[in-house]
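The chains referred to below are lettered A, B, ... by the order of the sequence lines, with proteins before strands, and numbering in each begins at 1. All figures in this text were calculated on a predicted structure; none of them were measured in a lab.
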Amino acid sequence: MTTHPAAAYVQVTQELRDLVLAEPWQSSGVLPAEHVLVERFGVSRGTLRRATEELAREGLLLIERGRGTSIRRQAQLRAIMKDQLTAIALPDSRWHLDVLKFVPDFAGSELARERLFELPAYQAAETVFVAPDNSATGIIEHSLQQGQKVVVPTYALRRGMVLLDPATISSADFAFAATLDGLERFGETLTLESLKRLQHVDMLMTGAIAFTTSGVHVGNGQAYLDLEWGILATLGLVQSSTPIIGLAHDIQVVDIPLEPKPLDVTVNTITTPTKTLHTGSQPQRPSGISVKQLRQGQTDSVAYLSQLVIAPEGIVTT
Amino acid sequence: MTDSVDAAQRYRDQIWKTLQLVGRPDSRFHWDFSSFIADFEENEVATANLVELDAWQSAEWVFITPDNSTELLRREAITAGKNILITTYGIKRGFMRLDPTSVPANDISYAATLDGLDRYGVPTTLAELRGSEPLPLLVTGGSAVSINGIRFGKGHGFFDLEWAMLSEIGLTNNASLVIDIVHDDQIVDEHLRGEPHDVPVDWIVSNRRTIRVPDVSREPGRVFWDLIPGGEHEFLPPIVELRAEREQLS
């Protein structure tokens, strides 16, 4: 029986994906040589290449001529988390259970938030930044009740950040204002100038696809947290000492040796429904944005970037 | 008659340009007007026009599409104590019911949004809906509508499908009225011929006009099963439910 070449390619892509997802975290993360894989899958070199290139397009593999093909570990973790997250996620009003499009809320998230609210740094904060994650909606509501000003990016930072000011919102509306739809109604659009006038942001809070126990934040691959940090840092609103707190379900916190990339912002503390984890991360954080962290098209699609000074190369740390 | 598929796309393109001026962005899709039916400037005037109609005032329950342009109307419905039947965005999670008595007075505006629907709405299957009183009124938004009541949505046929599914379970009848609420610039002053699956509307209500479409003839709705396999509607929960029923019967 002969197999149709297209079918062989689809099948080997799936087999290769399974192989990549099962690759232990402790391994080198470099795929075996091409001839080894050709023999293993019993396909032609051309078919294997097509499969490898397909996974590279998906962002799961990095092909470097002369150095071999390696696994992008964050993408691997994201792909592994996707199914697990779908099982615990509460659906989004637009994305439903497409959990790589948004950070879902989950049953029991209020316990993780209660732990976060106990942190002294939270209680002392006057102005906080909260990512537009569904699991963080309850944080925004609580912050408003505490009288904190809350800076929230619009989804994908497309229309910049907005300010929720408890002084101008009726307390009966705090729960509504904390949702993305409510943000449209109660959020005050922040220009770079009006952001700067906030003078300081005392704490950042975010959900994620996953966190490592050492504090690496794995989002949806668009690095919005890094950009948001970079924007706030450029304006002098945050310093390396400004705490960043992650909120997650227990299954989203993984103990794997994932090295942060040079410009990745790591979190200091993670709260889950069962634990408060101090990551021991006392990082030097970027003081701005570098061209290197921008994804294709982001200069056009992300607000503020066209007006900010963007470092061409690596970044100066504070 | 010109090729109506091309014509539809042409009108959508034209209307999306209009929406750049009068449309309001969505909390997730921003200005990508192909992904959602936008709220618009002066919607409060259009909504005020709509709630004056007898068809609205006499309806105890009403189907309203999950469009941003119908958010304000949902607020009016909850305030007036009308039961709402609605779909989730893209029908991905089927239908929901919104019982106005379950919404605290402080949260009426919240419950009228799609985020609020996830908090206050109750998912419902077609089996649970079967046997309910037929809907006296269905309200939809749209990208564009012709003066003779042929509407265009986002191009996914969601409203036509909603009408079809509700008809299949007996929730619409000859007395059911359909209203399209739009910005006046979304009204195309032309007579267009619809496709067999199109659901022409009885009323067009905008921020400037209330138009009773004359001589609307509407076939009883039905799902076009031959178009379902391989299409984007194939695995929507209520379609899966209806298909299972059909297979059991045959």
Exercise. What is the distance from atom CG of A:L116 to atom CE of A:M203, rounded to the nearest 0.5 Å?
Worked result: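 Nearest 0.5 Å value for the CG-CE distance: 5.5 Å.
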Exercise. Between A:Y224, A:F102, A:W95, which is the residue that forms a ring-ring contact (aromatic ring centres under 6.0 Å, His included) with A:Y155?
Worked result: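 Of the listed residues A:Y224, A:F102, A:W95, the ring-ring contact (aromatic ring centres under 6.0 Å, His included) partner of A:Y155 is A:W95.
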Side chain, backbone, both or neither: which part of [X] has a heavy atom under 4.5 Å from chain B?
| X | result |
| --- | --- |
| A:L180 | both |
| A:D92 | both |
| A:A175 | both |
| A:P132 | neither |

Toward chain A, the part of [X] with a non-hydrogen atom under 4.5 Å:
| X | answer |
| --- | --- |
| B:L117 | neither |
| B:N106 | both |
| B:D118 | side chain |

For this session: Please answer whether the main-chain N or O of A:M161 pairs with a side-chain N or O of A:Y304 as donor and acceptor at a distance below 3.5 Å.
Result: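 Yes, the answer is positive, given that a donor and an acceptor are paired below the 3.5 Å cut-off.
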Problem set entry | Polar side-chain atom of B:E247 near backbone of B:A244 as donor-acceptor pair, under 3.5 Å |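 Checking the backbone N and O of B:A244 against the side chain of B:E247, no donor-acceptor pair under 3.5 Å is found.
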For this session: Any chance you could lay out the salt bridge (charged side-chain N to carboxylate O under 4.0 Å, His left out) test for B:R97 and B:E128, step after step, and finish with the verdict?
Result: CA-CA 11 Å; B:R97 297 187 74 140; B:E128 288 162 353; over 6 Å; no
Problem set entry | Proximity of residues 19-36 of chain B to chain A, residues having a non-hydrogen atom under 4.5 angstrom |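 Contacts with chain A: B:P25, B:D26, B:S27, B:R28, B:F29, B:H30, B:W31.
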Exercise. If we only count heavy atoms from C-beta on, is the B:I181 to B:T140 side-chain gap below 4.5 Å?
Worked result: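 Not touching, per the 4.5 Å side-chain cut-off.
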For this session: With a 4.5 Å cut-off on heavy-atom pairs, point out which of B:G90, B:S109, B:P66 contacts chain A the most.
Result: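 Among the listed options, the one with the most contacts to chain A is B:S109.
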Problem set entry | When B:K92, B:R93, B:E71 are compared by non-hydrogen pairs under 4.5 Å with chain A, the top option |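 Going by pairs under 4.5 Å, I would pick B:R93.
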Problem set entry | Side chains of A:Q14 and A:R17, donor plus acceptor under 3.5 Å |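 There is such a pair between these side chains.
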Exercise. Thinking salt bridges, do A:R159 and A:E184 make one under a 4.0 Å N-O criterion?
Worked result: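 Salt bridge flag = yes for A:E184 with A:R159.
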Problem set entry | Pair A:E54 + A:R57: basic N to acidic O under 4.0 Å |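 Looking at A:E54 and A:R57, the cut-off is met.
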For this session: Would you sort out whether B:L85 and B:L138 count as a side-chain contact (heavy atoms from CB on, under 4.5 Å), showing the intermediate values?
Result: CA-CA 9 Å; B:L85 182 63; B:L138 298 90; over 6 Å; no
